[in-house]
Amino acid sequence: MTNKNAPKTQRAKLPRPVIGQTALNLVVAAYILAVLNGGFWHRLLDIFAHSLREAALFSLAIFALTVLTLELLAPGRLQRPVAAVLILVSAGAHYYERTFGVLIDREMVRNVFETTVTESRHLMTTGAVVSILLTGVLPAALVFWPRVIRVKQWHHLWRWPLGVALSFAVLVGGLFADFKTFSAVLRERKDLMASYQPGATIAALTRYAKQQLKAEAGVLRPIATDAARGPLLAAADKPVLLVLFAGETARAQNFGLDGYERQTTPELAARDVINFPDVSSCGTSTAVSLPCMFSGLGQAKYSRDTFLAQENLLDVLARTGFAIHWVDNNTGDQHIAARTGWGRVDATLDPEACAIECTDEVFLPLIEQTLDTITQDTVLVLHMIGNHGPAYHLRYPRERAVFTPDCQTAEFSECAVEEIVNAYDNAILETDDVLSRTIDILSAGDRALSAMLFLSDHGESLGEGGLYLHAAPMFMAPETQTKVPMVLWLGEEFRQAMGLDAACLRDAAARPASQDNLFHSVLGLLNVTTTARDPDLDLTQGCQERRDS
């Protein structure tokens, strides 16, 4: 018979360790620095290879900076939640730097916040999940395991400022032990601190937040208020249609028309196109390059704040009577079409092209529809998915893969470099197919004066120097991320109506160009007159057979 009054069996509990507040900060700082800063240590040891003393002093200063960060951001009861978040942030940044060579800056943070679920899914591979679970989630959970001995309530009046002061003193002492050397390193090797976690990510988040708040409070400034339809545009007997492809991640080095050893653009090569073989991008990410090339500011004057505070090319064209249509197969319009409107591709137009994710072939029925129903001068901007990685294999139909074996996963560690390049080149072939079929559609139409312009937003690293993907800071970006293809096609009726000399344009195309040229060249191409058009940046300038510009 059971004795109801007997004491219940006590469950054995795993004893929890005990740790002080300061000790916990020291342990977390040591873990983040030792395990989640591989790129930082690689650069530091390379820079200070000649002096163990300087490496030790700088390391001590950075350790103190990490402790200072924890002391400032995580007083009292906030200590463990903040420490856990910093571990998670550092683990994620460490994985993507180690795997793709990318550094976290403001524009990378913008890419994270403005990406799509589909795009982000390709980056959350099995390898990423396992790595972040082991180096981030598990250690972050362990922060909550020990019991933290906290000082009495009134002791916070001296404990918190003392911790901040001591860590700051060690930081300053370490740097000033050889300030001449360290200041030169910080000035000349910006990549060192750009790879330091969690500092680089915290700084990037802060700059992004400040920029967003400032932009929301801005007042829009009109530009090119004198823009008007030129005489040839006004006299045209048919509507003008410019199909403007904003390419994605296509680099010039793998573009057949630009001299690549492989013929990745056979269809364009068979058509009467004008190729620009030496074009530089404004940035290394969509969030920078795309707004920059539509802004009219140019790379030297471009900033996100300035772009958001003024009109852009689409606003100017809309004011001169053009219908503007932005259709997106990527991450959105980046606020370029904020006033003219934009929409995403309609998968029902071509279900076969959207079996998994829509390839850019989905644009072709839309172009046909636009051409069949056009009644007004129109600019159709098509934002492509192009070569967006790491899932290059989803950018083209499997049966049209020419270069094999091709990487069939977004997990680059499972593929040889040659397989990654093959998949990337097959995606270039898909762009070649879409552009050439667009030319055929426009050539066959008789309802409009048609032209097509393709310009990629930025390039891509495919393993060169240990870098993959894009969005490297411009100060360290390789040409594989900044040299982009650009192709122009003019229908014969369009060329004659706009008075353009094709031979002259080919000569102009042979000279170096950049995304700075887009704003001014589109205005010139469409015979839109305004004092905002810079003749020196208009690639059509001097190529007019008969026009009053």
Side-chain angles (χ1 to χ4, degrees), residues 114-119 239-250 286-287 289-291 293-295 312-318 321-388 394-397 427 430-442 445 447-448 450-458 486-489 518-519 522 525-526:
E114 297 184 4
T115 190
T116 62
V117 173
T118 298
E119 182 180 336
V240 166
L241 173 60
L242 173 63
V243 179
L244 177 51
F245 282 100
E248 171 64 44
T249 321
T286 303
S289 288
L290 206 60
M293 67 190 193
F294 279 88
S295 70
N312 59 63
L313 176 63
L314 299 190
D315 297 302
V316 176
L317 294 174
F322 280 85
I324 307 296
H325 302 290
W326 181 296
V327 184
D328 211 279
N329 192 27
N330 203 317
T331 55
D333 72 316
Q334 300 295 327
H335 301 284
I336 299 164
R339 291 161 296 278
T340 54
W342 69 282
R344 296 196 179 276
V345 293
D346 182 355
T348 63
L349 287 174
D350 190 346
E352 288 187 10
C354 299
I356 303 177
E357 294 176 14
C358 291
T359 67
D360 290 322
E361 197 172 1
V362 72
F363 286 131
L364 298 176
L366 175 64
I367 296 169
E368 291 177 334
Q369 281 187 4
T370 303
L371 195 60
D372 289 343
T373 60
I374 191 168
T375 59
Q376 178 185 358
D377 293 334
T378 301
V379 174
L380 179 61
V381 184
L382 304 177
H383 188 195
M384 309 175 80
I385 193 64
N387 280 61
H388 201 294
L394 297 180
R395 310 300 169 227
Y396 54 92
E430 176 69 7
T431 294
D432 173 67
D433 179 72
V434 170
L435 297 182
S436 60
R437 289 168 68 183
T438 296
I439 291 171
D440 294 343
I441 291 170
L442 297 178
R447 292 176 57 88
S450 302
M452 183 200 78
L453 178 62
F454 165 83
L455 175 59
S456 181
D457 58 352
H458 54 76
M486 178 174 171
V487 176
L488 174 66
W489 173 83
L518 181 73
F519 178 93
V522 168
L525 191 68
L526 297 176

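Below, each value reflects all heavy atoms present in this structure, side chains not excepted, and no hydrogens, waters or symmetry copies.
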If every non-hydrogen atom of [X] is compared with every non-hydrogen atom of [Y], which pair is closest and at what distance?
X      : Y      : result
Leu371 : Ser450 : CD1-OG, 3.9 Å
Ser289 : His458 : OG-CB, 4.3 Å
Cys358 : Ile385 : O-CG2, 3.8 Å
Gln334 : Pro291 : CB-CG, 3.9 Å
Pro365 : Leu349 : CG-O, 3.7 Å
Cys354 : Val362 : SG-CG2, 3.8 Å

Mind checking whether [X] and [Y] have side chains closer than 4.5 Å, heavy atoms only?
X      : Y      : result
Asp315 : Asn312 : yes
Ile336 : Val381 : no
Asp350 : Leu364 : no
Leu366 : His325 : no
Asn329 : Met384 : no

Pick from Glu430, Glu357, Glu248: which one makes a side-chain hydrogen bond (donor to acceptor under 3.5 Å, both in side chains) with Arg395?
Glu357
Calculate, to the nearest 0.5 Å, the distance between atoms CD1 and CE belonging to Ile441 and Met452 respectively.
11.0 Å
If you apply the rule side-chain contact (heavy atoms from CB on, under 4.5 Å), what do you find for Leu526 with Val379, and how did you get there?
CA-CA 10 Å; Leu526 297 176; Val379 174; 4.0 Å; yes
When the ring planes of Phe294 and Trp326 are compared, do they come out parallel, tilted or perpendicular, using 30° and 60° as the limits?
tilted
Aromatic rings Phe454 and Phe245: how do their planes relate, parallel, tilted or perpendicular, breaks at 30° and 60°?
tilted
